[in-house]
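Note that the coordinates shown come from a computational prediction; the quantities given were computed from them, not determined experimentally. The sequence lines fix the lettering, A, B, ..., with proteins before strands; numbering per chain opens at 1.
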Amino acid sequence: MEYGFGAIEKKWHEAWKEKKTYSVGNYPSKPKFYVLDMFPYPSGAGLHVGHPLGYIASDIFSRYKRLKGFNVLHPMGYDSFGLPAEQYAIEHGIAPAISTDQNIQNFRNQLNKIGFCYDWEREVRTSNPDYYKWTQWIFLQLFDSWFDRTTQSAKRIHELDKIFTSEGNISRACPGDKKLSFSSSEWIKFDDSTRADILMKYRLAYCGVGEVNWCEALGTVLANDEVINGVSERGGHPVVKKKLRQWYLRITEYAERLIAGLETVEFSDSMKDMQTNWIGKSYGAEMDFELVTENAVSLEKKLKVYTTRPDTIFGVDFMVIAPEHELVSQISTAAQLKDVNAYIEFVNSRSERERMAEKKISGVFSGSYCKNPFNDTLIPVWISEYVLAGYGTGAIMAVPCGDERDFKFAEHFNIPVTNIIGDYFNGSEANATKDARLENSGFLNGMLMSDAISIAINKLEELGIGKRQTNYKMRDAAFSRQRYWGEPFPIVWKNEVATSLPESMLPVELPPMSDLKPGPDAQGPLANLKDWVPFDGGNREVNTMPGYAGSSWYFLRYMDPKNENEFCSRTASDYWGQVDIYIGGTEHAVGHLLYSRMWTKALYDLGYIGFDEPFKRLVNQGKIGGDSRLVYRIRGTKQFVSAGLKDQYETDEIHVDVSMVDGLVLNMDEFKKWKPDFADSTFITEDGEYKCGSRLEKMSKRYFNVVNPDDIVEKYGADTFRMYEMFLGPVEQDKPWDTKGIEGVHRFIKKFWRLFFDAEKGSVLSKEHASDEAWKVFYKMVKKVEEDTARFSFNTAVSGFMIGVNELTDLNCHSLELLEKFLVVLSPYAPHICEELWSLTGHEGSVLDASYPTVEEKYLVETSKEYPLAINGKTRTTLTIDLNATQEEVEKMVLQEPVVIKWLEGNPPKKIIFVKNKMINVVV
RNA sequence: GCGGGUGUGGUGAAAUUGGUAGACACGCCAGACUUAGGAUCUGGUGCCGCAAGGUAUGGGGGUUCGAGUCCCUCCACCCGCACCA
């Protein structure tokens with residue numbers, strides 16, 4: 001009986017489907033375990049061998065956990081809304097719903113060939129109305145909520161109404177408008193639309209005005225990465241900033257909890273750092289400076305700055321405000337006005353990209369001054385784009401001796417620099433130290449800077465001119481897109497007031513459209529639907545939600561995917577709880593992962609779920625790179641020269657499809673057939689072979705180095721493919737794909753098969769007990785494999801299996817008793833062959849329902865060990881010694897060793913170090 | 001610039017707590033069986049050396065009986081962020 005993987009795998013795919021082997025019930029008495037893959041966007045290109053890496057790892061882990069007695073949830077679905085489908089529709093006239101369905105079908109076929117244990121009955125698709133009904137519903141819960149800073153949690157908006165009625169917003173600073181302040185009597189007198197406007201400034205999902213990249217020529221809004229150097233990526237048309245009504249999520253209110261929550265989850269350090277940096281918390285002070293004329297006459301205005309270094313207050317040599325700052329027009333003096341206006345015009349002419357790309361020092365003096373409250377020095381106020389309007393107060397106090405940018409600015413405009421840090425400042429470079437003792441610093445003189453920070457803030461607060469302030473870099477990201485292929489908002493505008501639709505009207509289905517051209521005034525395509533937009537006495541919101549809407553909560557839907565009454569029942573989410581292991585790439589570090597964490601926290605605050613972090617542990621799989629093949633054409637000819645000889649000619653390199661190359665050897669006939677251009681190619685070979693050059697790069701169609709898993713599965717079978725992907729190296733690590741290496745894993749699988757069946761003799765299984773030696777080999781293997789699987793070290797587990805099979809083969813072990821246990825242990829890695837052998841050895845049901853063998857330690861007990869014997873730390877020989885041997889016995893044996901005698905050269909050893917179970921070292 | 005990570009044979013890699021560096025594979029070399037081999041099996045394979053031996057985990061230094069592993073320092077590459085006051 002030969003190992004015919006093709007038939008075996010097909011047979012089991014059907015059997016698993018038919019018997020619902022992977023169907024997962026919600027409430028058995030077993031402990032739960034939730035293993036989740038980041039669901040894919042179903043792109044038209046399909047899968048390459050890099051994609052399934054994480055899926056295979058999670059599949060192995062899921063199967064392992066199931067064998068260990070857990071009820072394992074391991075679902076898969078599709079993040080099926082998104083721009084590519086819409087773009088495809090515009091270019092090819094195929095509706096996004098249709099192309100998306102086709103792509104999903106293709107993905108599903110590819111995934112199924114690899115033999116994953118997904119419970120497909122729980123599949124979700126974010127573009128399916130049954131699903132996005134609940135995306136819309138959760139959006140409405142966020143719309144109906146505000147963030148109570150005193151309790152750090154989301155609350156219902158009607159509670160805010162109650163608070164305003166009784167005390168105004170005195171104790172509830174407005175996150176959307178810091179200056180907003182009203183009393184209870186004012187609140188009561190406000191008309192409905194004013195109240196609605198104010199509440200909007202508190203909502204967790206809110207509508208505001210934001211800038212988008214508007215491209216007149218394309219008639220559409222572009223994403224940031226579609227704009228390059230101020231022009232559109234496609235076509236190179238000019239792009240301008242345009243103010244548009246946009247929806248936002250108030251994620252900034254959750255900044256503190258998003259940071260704190262990181263302490264409770266197992267993410268990699270780099271992942272935690274990326275999120276922490278993105279949130280960008282900083283501690284400092286806000287302080288007010290009085291604005292004055294050059295003659296120190298008060299302008300009766302204050303300039304508010306934010307600084308993390310209030311200890312440097314005596315080193316302030318100038319102020320800088322952002323060009324967008326509201327004071328710009330008020331404090332520019334007549335003499336400076338012309339220069340200021342010219343500068344503002346210059347700034348406005350540049351896109352954000354240009355601004356960031358070329359960091360030229362630019363700025364203009366406003367003509368006004370600030371008074372240093374501690375020594376009455378006059379400080380000139382400058383305007384410069386190196387200060388950002390959106391961060392802090394949009395104004396800074398510049399301390400050139402301690403800040404590099406301030407120093408360069410001072411240097412550029414010849415502003416004198418005050419040194420407050422003595423020798424720490426060398427006059428040609430700023431020094432941001434906190435270790436210096438302050439000089440020229442009034443009441444702070446002689447203090448260590450790090451101590452002075454807090455003392456300075458206390459003084460500011462005491463004088464009432466400043467206060468302690470924490471800031472965050474993170475912004476509320478736009479939650480609306482001027483696009484078609486996304487979730488419609490369940491919002492109707494009535495008299496300029498956003499009104500939510502009742503739950504009974506959900507889902508707001510995306511109306512079918514054949515022509516996806518943008519609507520008027522930079523609106524999305526939905527604005528063109530004259531009979532859809534007017535609704536219930538108002539107009540529907542025509543924006544759609546962004547990609548991260550549906551992906552922010554999908555892990556909850558898998559728990560209860562068919563529920564028509566709730567997004568997920570509380571019983572289901574209480575049972576399944578957090579995702580125990582989440583596997584995916586790092587590219588979602590600050591997008592998807594932050595938003596899904598925020599949604600989870602909001603749903604928790606509102607009482608819909610019982611946990612406030614979605615993912616207990618996150619594993620980031622590495623990328624698999626492509627190994628490209630290159631041929632060298634002699635310039636101006638149709639002759640190609642083999643890699644080893646190419647230096648003798650002037651050549652151009654050309655990428656060739658890796659499928660035409662075996663190792664490095666090109667199949668010249670196939671190459672000629674590849675493209676008409678190459679039909680009459682000739683070759684300069686090395687010993688009759690044309691050798692290609694190689695290069696590691698991204699796996700991409702462009703380089704012809706894409707390897708399709710379907711082809712590998714076809715040639716070697718899914719079990720070999722799964723194990724080879726794991727064997728390649730640690731899951732977290734980036735690594736190149738090399739199809740050649742797969743042979744070793746394939747040989748292993750065939751060798752495993754031969755423990756059971758011989759091609760000619762048929763079954764070679766024996767009913768006899770396995771020898772102690774065989775059991776020892778087996779349990780040693782189980783121990784290693786289990787430990788490795790548990791710590792996600794799949795590559796070493798695979799090598800453990802190889803050693804096991806090699807050694808059992810050497811021992812000529814064909815004991816059924818032992819081998820059926822082996823099947824169970826191997827089945828997470830190679831489910832098809834194990835299922836087949838499980839059935840061929842007379843078992844009913846799936847090998848997945850067997851129980852994982854327990855290691856029988858009695859077979860592993862050793863009585864002696866082969867110790868490395870080192871002289872001066874260098875291993876010279878080995879010595880087999882009884883494990884109970886004492887130091888004296890060992891020393892005696894060691895001194896009789898010829899090698900030791902030789903090295904001692906007749907002298908006594910200085911020392912003999914014997915570490916039980918480890919090694920022996922003789923110091924001479 | 002800041003933060004994180006990685007450097008080990010021709011290649012992918014292993015070494016979980018400081019204890020035989022290179023397990024397990026690929027490739028390569030030699031051989032067996034075979035009409036054939038992209039099947040299977042056996043042996044060899046870090047580098048230098050006929051050997052004894054020497055030498056070797058990016059470079060340099062340190063701690064230790066002993067360092068790929070710990071400490072200091074320098075270098076290279078990869079990823080993320082980047083005027084965040």
Problem set entry | Mutual orientation of the aromatic rings belonging to A:His588 and A:His592 [parallel < 30°, tilted 30-60°, perpendicular > 60°] | perpendicular

For this session: For A:His746, check ring-ring contact (aromatic ring centres under 6.0 Å, His included) against everything at least two apart and list the hits.
Result: A:Phe5, A:Tyr716

For this session: Can you sort out the partners of A:Tyr283 under ring-ring contact (aromatic ring centres under 6.0 Å, His included), two or more places apart, ordered by chain and number?
Result: none

Exercise. Given the C1' atoms of B:U11 and B:G27, what is the spacing between them in whole Å?
Worked result: 7 Å

Exercise. A:Tyr703: what forms a ring-ring contact (aromatic ring centres under 6.0 Å, His included) with it, not counting sequence neighbours?
Worked result: A:His655

Expected list for residues 807-814 of chain A: side-chain donor-acceptor pairs under 3.5 angstrom, two or more places apart:
residue, atom, partner, partner atom, Å
A:Thr809, OG1, A:Val805, O, 2.6
A:Asn812, OD1, A:His814, NE2, 3.2
A:His814, ND1, A:Leu755, O, 2.7

Exercise. Would you say A:Lys910 has more than 12 foreign heavy atoms packed within less than 6.0 Å of its NZ?
Worked result: no

Problem set entry | Rounded P spacing from B:U6 to B:G10 in Å | 23 Å

Taking only N/O atoms, report every protein-nucleotides 22-26 of chain B pair under 3.5 Å with atom names and distance.
residue, atom, partner, partner atom, Å
B:A25, OP1, A:Asn806, ND2, 2.5
B:C26, OP1, A:Arg747, NH1, 2.2

Problem set entry | A:Lys715 and A:Asp711 ion-paired at < 4.0 Å | no

Exercise. Is it true that A:Glu857 and A:Lys783 make a salt bridge, defined as a side-chain N closer than 4.0 Å to a carboxylate O?
Worked result: yes

Exercise. When the C1' atoms of B:G18 and B:U63 are considered, how many whole Å apart are they?
Worked result: 11 Å

For this session: Please state the P separation for the pair B:U55 and B:C72 - nearest whole angstrom.
Result: 28 Å

For this session: List in chain and number order the residues that pass side-chain hydrogen bond (donor to acceptor under 3.5 Å, both in side chains) with A:Arg597, two or more places apart in sequence or in another chain; answer none if no residue qualifies.
Result: A:Gln275, A:Glu613

Problem set entry | Secondary-structure stems, RNA chain B, at least 3 Watson-Crick or G-U base pairs under 3.5 Å | B:1-7 with B:75-81, B:10-12 with B:24-26, B:27-32 with B:40-45, B:46-48 with B:53-55, B:58-62 with B:70-74

Polar atom pairs (N or O), protein with nucleotides 53-55 of chain B, under 3.5 Å:
residue, atom, partner, partner atom, Å
B:G53, OP1, A:Lys902, NZ, 2.8
B:G54, OP2, A:Arg876, NH1, 2.8

For this session: Determine the Euclidean distance between corresponding P atoms of B:G12 and B:G62; express it in Å to zero decimal places.
Result: 32 Å

Seminar exercise, completed: Taking B:G3, B:A85, B:G38 as options, the one with an atom nearest any side-chain atom of A:Lys715 is B:G38

Exercise. Expressed as a whole number of Å, how far does the C1' atom of B:G9 sit from that of B:C47?
Worked result: 9 Å

I'd like a table of atom pairs between the protein and nucleotides 65-72 of chain B - only N or O on both sides, under 3.5 Å - with the distance next to each one.
residue, atom, partner, partner atom, Å
B:C65, O2', A:Asn921, ND2, 3.1
B:C65, O2, A:Asn921, ND2, 2.7

Exercise. Which nucleotide in the set B:A14, B:A21, B:U16 lies at the smallest distance from any side-chain heavy atom of A:Thr875?
Worked result: B:A21

Exercise. If you measure from the P atom in B:G54 to the same atom in B:C79, how many Å do you get, rounded?
Worked result: 43 Å

Exercise. Counting side-chain heavy atoms from CB outward, which of B:U42, B:A85, B:G38 is closest to A:Asp810?
Worked result: B:U42

For this session: Rounded to whole angstrom, note down the P distance from B:U69 over to B:G7.
Result: 12 Å

Seminar exercise, completed: The contact string for nucleotides 4-9 of chain B, one letter per nucleotide 5' to 3', using protein heavy atoms under 4.0 Å with B, S and - for base, sugar-phosphate only and none, comes out as S-----

Exercise. Are A:Lys750 and B:U40 close enough that a side-chain N or O sits under 4.0 Å from OP1 or OP2?
Worked result: yes

Exercise. A:Lys473 and A:Asn277: side-chain donor and acceptor closer than 3.5 Å?
Worked result: no

Problem set entry | Donor + acceptor pair across side chains of A:Tyr64, A:Glu786 (<3.5 Å) | yes

For this session: Compare side-chain N and O positions of A:Tyr306 against OP1 and OP2 of B:A85 and report whether any pair is under 4.0 Å apart.
Result: no

For this session: Run the numbers on A:Lys281 and A:Glu256 for salt bridge (Lys or Arg N to Asp or Glu O under 4.0 Å), then give the verdict.
Result: CA-CA 8 Å; A:Lys281 184 177 186 177; A:Glu256 203 54 52; 2.6 Å; yes

Exercise. Taking side chain as C-beta onward, heavy atoms only, is A:Asn872 less than 4.5 Å from A:Val923?
Worked result: yes

Problem set entry | 5' precedence on RNA chain B between A:Leu728 and A:Lys918 (nearest-nucleotide basis) | A:Leu728

For this session: Tell me whether B:G9 sits syn or anti, counting syn as a glycosidic angle within 90° of 0.
Result: syn

For this session: For A:Arg791 and for A:Thr586, locate the closest nucleotide of RNA chain B by heavy-atom distance; then report the residue assigned to the nucleotide nearer the 5' terminus.
Result: A:Arg791

For this session: Taking ring-ring contact (aromatic ring centres under 6.0 Å, His included) as the test, write out the residues that go with A:Tyr548, two or more places apart.
Result: A:Phe479, A:Tyr595

For this session: Please identify each residue that fulfils salt bridge (Lys or Arg N to Asp or Glu O under 4.0 Å) with A:Asp403, with sequence neighbours left out.
Result: A:Arg405

